[in-house]
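Just below is one structure, and these are the notes that go with it.
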2 protein chains.
Amino acid sequence: MSTREHSGEAAYKVLARELRQAILQRRYVDGTRLPTEAELADEYEVSRQTVRRAFHDLVAEGMVYRVPGRGTFAAPRDGQYLRQFGSIEDLMGLSLDTQLEVLRPLRRKVDIDAASRLRLDSDVVHTVVFRRTHEGDSFCHTTVHLHPAAAAALGDVPELGEAGAVSDATIIGLLDTRLPVPIAEAEQSITAASADQTLADALGCGIGDPLLRVDRIYLTTDQQPVELAINHFLPEQYSYRVKLRRSTH
Amino acid sequence: MSTREHSGEAAYKVLARELRQAILQRRYVDGTRLPTEAELADEYEVSRQTVRRAFHDLVAEGMVYRVPGRGTFAAPRDGQYLRQFGSIEDLMGLSLDTQLEVLRPLRRKVDIDAASRLRLDSDVVHTVVFRRTHEGDSFCHTTVHLHPAAAAALGDVPELGEAGAVSDATIIGLLDTRLPVPIAEAEQSITAASADQTLADALGCGIGDPLLRVDRIYLTTDQQPVELAINHFLPEQYSYRVKLRRSTH
DNA sequence: CGTTATTTGTGCGTATGTATT
DNA sequence: AAATACATACGCACAAATAAC
């Protein structure tokens, strides 16, 4: 043994979690520098390499950014918005000026495919279907499948329980405040599909019309999937824009 | 210096790129184990830590997965042509495992819309149309409109001058080496469209089938647009995947 | 069933390079 | 110019999971 006892969990993971919590508790806001590698190594009685390992993960999560010669800083998080990694453009301003109208309220349901994409052991998910409107125009149809724990966290939201209810919330925004662990990232897949009867009715387009399909799986900081959202957008009223940059190193 | 010369790029990045290429060229399919850390360290004359650093990035990209005690394996790619294009480098690397077939060679053309999107004073652009294939399957139809200066830089590329020519290049890769100013960023817009006669013929799908349309405008470091690429993808064979994270600055 | 070899995972110490202040 | 702080790289030791014997 090399001076260090193995109490089950890796030292760099413990350190990463402590730093993550401190940042989420807003202890390093507005440009405050985090402790240096040497300081943390000293404080936690680990090597500087172990501190670096922890920071490496936090950088990958987007929790902090580092500048050679200056230090390590908490990445400011503006509310419940997610942005594309490495870009400056907003992902989408969905909740800003749009409304949500429930088509089928939140109910327990058996869906093998959705359950497996949420990495559940059982086949049971909780599902809610709604459409999103902007100034009266429907432009997006969404089916949301929830992890049981996530569904429990949303059980007392009246706007999701009855068909026809209207709200200006987002599921992900509700989840982020009600779950004990914050949402850290999402895996997004974009493809094209054609409108079936249900989608055509909800969106007011023709059957067979092309739609933009955007699937998103939201994950908490401990990589647990909690929500699978399947969106169908009308291409005339929505396109997904990103700015790509050349990486600096 | 510690026995190793610093030829500009980090050793772990060089190694990661080589491994990435090998995997994209399908050199480690169906459960074939990649070389062990010790073997790669030996072969590339780097330390085992440096090999681990490279693998760490490849795991984060989803290129490989690792099992303690067993080894490292290429991550299976479930049928589809799935690529994550988070940076310009990713787009330039598109040529690694795809081929380009010219449908309409590079010619001078009047196109008011394309010219305005390239912020040209005149209405004249230079246009080339091709399709991209992956292991024999056409999955993408592309129309590229070039700034006159960019077209001049590509004037001596024989593969673009005649219909039917096949190449494994990318336009953006060719431009980056031939233009005096490097490509710095791209503005990307994704939406859905239906296949018209031309697209259906090129991609082998039906007229009216839904396609994923991806427009990209490439800009040099001085914000000058040089290329507008309009891609149409078959959704069965392609989806656009991105990992989203909490916003960084 | 335990033993052993292989392979990845964690951790430390050290040295040097590079960007910022 | 010097100090500070992050980045890369090496070598070593031991732990833990896996597979073969």
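Atom-to-atom, CG of B:Leu58 to P of C:dT8 comes out at 13 Å; the value is rounded to the nearest Å. Rounded to whole angstrom, the span from the CG atom of B:Asp57 across to the C1' atom of D:dA9 amounts to 15 Å. Computed from coordinates, the B:Phe73 CZ to D:dT18 C1' distance equals 10 Å when rounded to whole Å. Between B:Leu15 atom CG and D:dA9 atom P the separation is 10 Å, expressed in whole Å. D:dA9 atom C1' lies 15 Å from atom CD of B:Glu9, rounded to whole Å. Between the CZ atom of B:Arg70 and the P atom of C:dG9 there is a distance of 12 Å, rounded to whole Å. Atoms NE2 (A:His56) and C1' (D:dT8) sit 11 Å apart, rounded to a whole Å. Computed from coordinates, the B:Tyr65 OH to D:dT18 P distance equals 13 Å when rounded to whole Å.
If you check the side chains of A:Asn231 and A:Thr142, you find a donor sitting under 3.5 Å from an acceptor. Side-chain contact, B:Thr98 with B:Arg132: a donor N or O sits under 3.5 Å from an acceptor N or O. Looking at A:Glu187 and A:Tyr218, their side chains never bring a donor and an acceptor atom within 3.5 Å of each other. When only modelled atom types and interatomic distance are considered, B:Tyr44 and B:Glu18 share a side-chain donor-acceptor pair under 3.5 Å.
Judged by a 6.0 Å distance limit and a 45° cone about the ring axis, B:Arg66 is not positioned over the six-membered ring of B:Phe73.
Distance from the side chain of A:Gln49 is smallest to C:dG13 among C:dG11, D:dC10, C:dG13. In this structure, the nucleotide among D:dT8, C:dG9, C:dG13 sitting nearest to the side chain of B:Glu37 is C:dG9. Listed candidates were D:dT8, D:dC6, D:dT18. Nearest to the side chain of B:Lys13 is D:dT8. Taking only side-chain atoms of A:Thr72, from C-beta outward, the nucleotide of C:dC12, D:dA9, D:dC6 with the closest atom is D:dC6. Side-chain proximity of A:Ala11 to D:dC6, D:dA19, C:dG11: nearest is C:dG11. The side chain of A:Arg52 sits closest to D:dT8 out of D:dA9, D:dT8, C:dG11.
Applying the Watson-Crick and G-U wobble criteria (two distances, each under 3.5 Å), D:dA1 pairs with nothing in any strand.
Comparing A:Tyr12 and A:Arg48 against DNA chain C, the residue whose closest nucleotide sits nearer the 5' end is A:Tyr12. Position along DNA chain C of the nearest nucleotide to A:Pro68 versus B:Glu39 favours B:Glu39 as the more 5'-ward residue.
One finds no side-chain N or O of A:Arg66 lying less than 4.0 angstrom from the OP1 or OP2 phosphate oxygen of C:dA19.
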